[in-house]
Amino acid sequence: MTQEQWDSVDDYLTALLTPTDATLTAALRDSESAGLPPIAVAPNQGKLLHLLAQIQGARRILEIGTLGGYSTIWLARALPADGRLVTLEYNPEHADVARGNLARAGLDKIVEVRVGPALDALTVLGAEHAAHPEPFDLVFIDADKANNAHYLRWALELTRPGSLIILDNVVRGGAVTDAASTDPAILGTRSALELIAEHPKLSGTAVQTVGSKGYDGFALARVLA
């Protein structure tokens, strides 16, 4: 199959199962206008995140990697009125775009955008969690891939038994199988997948995907008691 066919199928599925949404369309438009890279999740992938958060019954969500807030909107819309989502973004300009998109979506009261290196922000969250334990029910990791294993370890610290961790872009066009790779993104992704396989408090799997975002995939891991 070709990228053209993948795009065609994604267009069909999106039109059928993910109708046009003015708020989400505007979020993508404003992200593009601000010069953000076009790497947000596809609409059908956003809907999957939304459904997973609903199935999980999530009340607290952590997102690592905000970009323009497109996936953030999908996740936050699955929360109850008293829910909370914390999203971490390295780039201040990206964070400003995301805040604008979230405000337009009416989600700025339940979503907090924290700016700076994610590992620093996670250290702060860890201290907050130690003082007032409020575990996250779902964690979506979609930031710099070199630190995937570090993000996954922090996700374990900040969740509870039964929480769901989602790790995006784990197939890397098939390059994840290259054990000799020196690409930091491949090394970080392989380390995270190995951690899922080996950690006694994680049960997970990974799925390959094709579509408008090319050939990639995601991993799901459930936190065990």
Side-chain angles (χ1 to χ4, degrees), residues 1-18 28 31-32 35-53 55 62-68 70-72 74-75 87-91 94 117-119 138-156 164-199 201-223:
M1 294 185 70
T2 66
Q3 183 66 54
E4 182 179 359
Q5 289 172 301
W6 296 347
D7 290 347
S8 178
V9 172
D10 257 9
D11 289 345
Y12 166 72
L13 295 175
T14 296
L16 183 66
L17 300 171
T18 312
L28 292 176
S31 296
E32 181 180 6
L36 274 62
I39 56 174
V41 299
N44 51 351
Q45 295 170 342
K47 183 65 175 290
L48 175 62
L49 292 174
H50 180 81
L51 289 171
L52 288 171
I55 293 167
L62 172 62
E63 179 183 50
I64 304 174
T66 314
L67 196 61
Y70 183 76
S71 57
T72 319
W74 276 112
L75 288 166
T87 183
L88 312 179
E89 174 54 46
Y90 176 79
N91 189 310
H94 294 183
L119 291 176
L138 185 149
V139 178
F140 178 47
I141 302 172
D142 189 15
D144 60 300
K145 310 310 173 185
N147 281 310
N148 271 341
H150 298 303
Y151 297 149
L152 182 56
R153 290 188 182 93
W154 269 114
L156 268 171
L164 178 65
I165 302 170
I166 306 166
L167 184 65
D168 202 12
N169 306 128
V170 300
V171 172
R172 316 296 302 165
V176 71
T177 62
D178 184 3
S181 176
T182 58
D183 182 342
I186 302 301
L187 295 173
T189 299
R190 286 175 63 92
S191 294
L193 291 171
E194 290 161 8
L195 182 59
I196 292 173
E198 298 166 359
H199 202 287
K201 289 187 176 181
L202 288 174
S203 175
T205 190
V207 176
Q208 300 181 78
T209 60
V210 295
S212 60
K213 297 299 179 180
Y215 173 36
D216 215 319
F218 61 92
L220 295 174
R222 186 170 176 82
V223 181

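As a basis for the values below, the full set of heavy atoms in this structure was taken, side chains included, without hydrogen atoms, waters or symmetry mates.
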Checking Leu167 against Phe140 for the side-chain contact (heavy atoms from CB on, under 4.5 Å) test, could you report, in this order, the C-alpha distance in whole Å, the side-chain angles of both residues, the deciding distance, and whether it holds?
CA-CA 6 Å; Leu167 184 65; Phe140 178 47; over 6 Å; no

Has the side chain of [X] got a donor or acceptor atom that lies under 3.5 Å from a matching backbone atom of [Y]?
X: Ser191; Y: Leu187; value: yes
X: Asp216; Y: Gly173; value: no
X: Lys47; Y: Trp74; value: no

Check [X] against [Y] and note the closest heavy-atom contact, atom names and distance.
X: Tyr70; Y: Pro43; result: OH-CA, 3.4 Å
X: Leu49; Y: Ser71; result: CD1-CB, 4.1 Å
X: Ala40; Y: Leu28; result: CB-CD2, 4.1 Å
X: Ala206; Y: Leu193; result: CB-CD2, 4.4 Å
X: Gly174; Y: Tyr215; result: N-CE2, 3.6 Å
X: Arg190; Y: Val176; result: NH1-O, 2.7 Å

Rounded to the nearest 0.5 Å, what separation is found between the [atom1] atom of [X] and the [atom2] atom of [Y]?
X: Leu36; Y: Asn91; atom1: CG; atom2: CG; result: 7.0 Å
X: His150; Y: Leu119; atom1: NE2; atom2: CG; result: 6.5 Å
X: Lys145; Y: Asp168; atom1: NZ; atom2: CG; result: 5.5 Å
X: Ile166; Y: Leu52; atom1: CD1; atom2: CG; result: 5.0 Å
X: Lys213; Y: Gln3; atom1: NZ; atom2: CD; result: 10.5 Å
X: Ile64; Y: Glu89; atom1: CD1; atom2: CD; result: 12.0 Å

Would you check if [X] and [Y] make a side-chain contact, meaning some heavy-atom pair closer than 4.5 Å?
X: Asp183; Y: Asp178; value: no
X: Asp10; Y: Asn44; value: yes
X: Pro117; Y: Tyr90; value: yes

Begin with the C-alpha distance, continue with both residues' side-chain angles, and end with the deciding distance and a verdict on side-chain contact (heavy atoms from CB on, under 4.5 Å) for Ile165 and Leu202.
CA-CA 9 Å; Ile165 302 170; Leu202 288 174; 4.2 Å; yes

Would you please test Leu62 and Leu88 for side-chain contact (heavy atoms from CB on, under 4.5 Å) and show each step?
CA-CA 8 Å; Leu62 172 62; Leu88 312 179; 4.2 Å; yes

Verify the neighbour count for atom CD of Glu32: are there more than 12 heavy atoms of other residues, nucleotides or ligands below 6.0 Å?
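For Glu32, atom CD is not crowded (no more than 12 foreign heavy atoms under 6.0 Å).
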
Is the CD atom of Gln5 crowded by more than 12 outside heavy atoms at less than 6.0 Å?
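Yes - once you tally the heavy atoms of other residues, nucleotides and ligands closer than 6.0 Å, there are more than 12.
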
Begin with the C-alpha distance, continue with both residues' side-chain angles, and end with the deciding distance and a verdict on side-chain contact (heavy atoms from CB on, under 4.5 Å) for Arg153 and Leu195.
CA-CA 9 Å; Arg153 290 188 182 93; Leu195 182 59; 3.6 Å; yes

Looking at Asn169, Asp142, Leu67, which one forms a side-chain contact (heavy atoms from CB on, under 4.5 Å) with Val41?
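Between Val41 and the candidates, side-chain contact (heavy atoms from CB on, under 4.5 Å) is satisfied uniquely by Asp142.
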
Would Thr189 and Asn148 count as a side chain to side chain donor-acceptor pair (under 3.5 Å) if you check the C-alpha gap in whole Å, the side-chain angles of each, and the deciding distance to 0.1 Å?
CA-CA 6 Å; Thr189 299; Asn148 271 341; 3.2 Å; yes

